[in-house]
Amino acid sequence: MDPQPKPRPERAERYRPQEIEPRWQRRWADDRLYEASIDPARKKMYCLTMLPYPSGDLHIGHWYAMTPSDARARFKRMQGANVMFPIGFDAFGLPAENAAIKRNVHPKEWTYHNIQAMRRQLRTMGAMWDWRREAVSSDPEYYRWTQWFFLKLWEHGLAYRKEAPVDFCPSCNTTLAREQVQGDDRHCERCDTPVIKKRLAQWFFRITNFADALLDFSKIDWPERVRTLQTNWIGRSEGAEVVFKTEAGHPIPIFTTRPDTLWGATFMVLAPEHPLVEKVTSAEQRAAVSEYVEQTLRQSDIQREAADKEKTGVWTGGYAINPVNQERIPIWIADYVLMTYGTGAIMAVPAHDQRDFEFARRYALTVRPVIDTGEPLVGDGAAMPAATVERGTMIDSGPLTGTPGEQAIARTVAWIEQNALGKRAVSYRLHDWLISRQRYWGAPIPMIHCAMCGPQPVPEPTLPVLLPDDIEWRPTGESPLKYHPTWKYVACPSCGGGAERETDTMDTFMCSSWYHYRYLSPHWNDGPWDPRELEYWTPVDIYTGGIEHATMHLIYTRFFTKALHRMGLVPFDEPMLQLRNQGTILGEDSEKMSKSRGNVVAPDKLVAAYGADAVRAYLMFFARWEQGGPWSSTGIEGVSRWLQRVWSLVVDEAPAATASPEGERALRRRLHQTIQRVTRDFEGFEFNTVISSLMELTNALIAARSAGLGTSAAFVEGVEALLLMTAPVAPHLAEELWAFQGK
RNA sequence: GCGAAAGUGGCGGAAUUGGUAGACGCGCAAGAUUCAGGAUCUUGUGGCCACAAGCCGUGGGGGUUCGAGUCCCCCCUUUCGCACCA
């Protein structure tokens, strides 16, 4: 090291981020510094942050998600990894269509205009985006492959069409999107009529085929919270399916987790929508049953599923036969039984299930204990205060009477199977993924309906099925594609006869399930990706974004990759090896930021006032990243002052030198402690302590310089290391000072 | 109701493995500079106490230990998740 200070180039003496930041951003772009290319000699690192929806304005939440992710990607790059950090837009979706209806702008125009604006804002972050890899999900060259994947899923039996209930307004005579149904009484947003559920043929993906695979997190390092959310969402229960029969002989399969209580079933309950309700209802009960069913159909799921609600139901007049003891038991309908879980029918065992117990008490139905839990038993159950749900010895249970609690379920299941009354079964809360949207601004589902041949896939070479631009906005609630004068009419690819295109589009979560693959080669025309890029870069090494997607995007994308793996398209079955979630940034009043509250923090203004580096550093400093917290306008000034101090540390002349081997030793010690801590904390996404360690080092260097060590080797080393460690956080400042020092 | 996590100054938050609690920053106070304000710099800043000494102090109560923010038990509070899932 040269102990003499270098002659300093003419340069502004004050730190002016607004002047240096655009200059370095241009320079990095000109040098193609962050364009990542395949390099087998280096360790690759695919760093991914969730792609934004092009709402038209980048808010502070985007900065909070993206800039610390960028800092970590930069840290990895400085450690020698070949880092790819791409960006793109999740560009299909409802807001574009709403803008079209409200303001008469075409969704395409609205979307691409917003993308332009957001690209500009994204550039001000000073992030190491590899713009060559940018992908926009509404580009035909993108959705061509979204459609292609749909066809692959169809070919492999993972896509299917089935009737499913949708919200329907009986007055407007149309289906409604979820957002168009309002209020507790679930009324139509246009005419205030309460909506009803209507069955409509829609497309599904068989995500339930992967339910057990999705419960296995052993290959990925994802936060516990997300794993719990997904596990609960999938909701796996083990038990048995047992087939009851109506008196007329119609089978009624039921699912139970407590087959050991079969002998205690004193009635059955069907969901009001259950297809057998019609058949079992007696003439005398028909009126009461119809009324109850209609009433239920109007209720929202939330109302229906409120646990504290008093249980209601109606007897159908029909009876079923319990297959284990041939007992004749009444069949009821009640809305506490859900058509969407299990088989939509239950055996009710009031003695050992609290819900059945409450129902039985209300309607004076028999309660018969068949499990001895050690509590004093009351013969016929009439005096039980509540259901006993614990395991215990089976009593009054025919051939299995006396079976101890630990073996009760296993033995009963074996007995059921031997006697062909049912079988071991697993039930999930997770349902198949409904991907049909009665909307325009999405990827058209590439299927053709032929009256002769049934649903036919659009032939691959003719993809993409392009969205027509000339669309009329009618307030129908149905896909505008349906009303296009010509678009849907095509020849059947199989028989050549007249046929119609599917007019629904795909859920945008389909587009975002695979975007990390399109980033590899966004303009590749021979497939969804360039296989060489796939081989080198995937899977994603680190994924960052909000936890609000835990049971949507983050489940869908795992399903998607597992499906691709099963089809042999990718060699792994998890898309992202490591996941980290940032918290939420609140307004200065500790409330959620919202325009109506007026507590929104605009990053553009902050950049103008303090520079991107200060915004980046403050977002990393003010709270634990996973936790988030309220914004502070004075807090960012503190961080800005720190950057000013780093600036003057490098730029200002040092005072007269004094030799101090002791002081140098202490400084080196501090430096190496800092290096160790900063490395460890970057590794663990603990950005707040990265910054505080850097502040401490800065303060120590300032103190050392005042003490006369400003020209010592230890000081020069310290400043150099400080700039290197600051670079991921405040890249523009670090570049400028590095250049200033003539490095 | 069930499950999980967390409670540290006026505030955001630090404290590898049990080893000087409160790093770093905000705020506040005093001083310097300034016509003034702002900005900047210096010093101080957990509580009690005039100061020092000293004592107290990591939600509350008990315990283990030479030593507890950290480990164990009970209670309180907050946040998050699930919530008729048969």
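Naming: A, B, ... by sequence-line order, numbering from 1 per chain.
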Under the ring pair (Phe, Tyr, Trp, His ring centres under 6.0 Å) test, residues paired with A/Y363 that sit two or more places apart: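 Once residues adjacent in sequence are excluded, the partners of A/Y363 under the ring pair (Phe, Tyr, Trp, His ring centres under 6.0 Å) criterion are A/W332, A/F359.
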
Taking atom [atom2] of [N] as reference, at what distance in whole Å does atom [atom1] of [X] sit?
X      : N     : atom1 : atom2 : answer
A/E686 : B/A23 : CD    : P     : 19 Å
A/F687 : B/C24 : CZ    : C1'   : 17 Å
A/E626 : B/A4  : CD    : P     : 21 Å

Would you indicate, yes or no, if [N] has its OP1 or OP2 atom less than 4.0 angstrom from a side-chain nitrogen or oxygen of [X]?
X      : N     : result
A/R641 : B/C26 : yes
A/S692 : B/G13 : no
A/N232 : B/G3  : no
A/Q627 : B/A5  : no

Taking atom types as modelled, find out whether [X] and [Y] have a side-chain donor-acceptor pair closer than 3.5 angstrom.
X      : Y      : answer
A/T312 : A/Y292 : yes
A/R14  : A/Q644 : no
A/N699 : A/R645 : yes

Any strand counts, and the cut-off is 3.5 Å on both contacts for Watson-Crick or G-U wobble. Which nucleotide pairs with [N]?
N     : answer
B/A6  : B/U77
B/C66 : B/G19
B/A53 : none
B/U58 : none
B/C11 : B/G25
B/U34 : none

Can you tell me which nucleotide in B/C84, B/C24, B/C80 comes closest to the side chain of A/R225? B/C80

Out of B/A86, B/C24, B/C84, which nucleotide sits closest to the side chain of A/D335? B/C84

What distance, rounded to whole Å, do you find between the two [atom1] atoms, one in [N] and one in [M]?
N     : M     : atom1 : answer
B/G47 : B/G57 : P     : 16 Å
B/C75 : B/G81 : C1'   : 24 Å
B/U33 : B/U42 : P     : 15 Å
B/U43 : B/U78 : C1'   : 38 Å

Within the 4.0 Å heavy-atom criterion, would you say [X] contacts the bases, only the backbone, or no part of the nucleic acid?
X      : value
A/I346 : base
A/T256 : sugar-phosphate
A/R645 : sugar-phosphate
A/N699 : sugar-phosphate

With A/H352, which of A/D260, A/T388, A/T373 fulfils side chain to side chain donor-acceptor pair (under 3.5 Å)?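 The side chain to side chain donor-acceptor pair (under 3.5 Å) with A/H352 is passed solely by A/T388 among A/D260, A/T388, A/T373.
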
By a strict heavy-atom criterion of less than 4.0 Å, which residues belonging to residues 611-625 of chain A are in contact with RNA chain B?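 Per residue number, the list reads A/F621, A/F622, A/A623, A/R624.
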
How close do A/I416 and A/P259 get, counting heavy atoms only, and between which atoms?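 The pair with the smallest heavy-atom distance is CD1-CB, 4.1 Å.
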
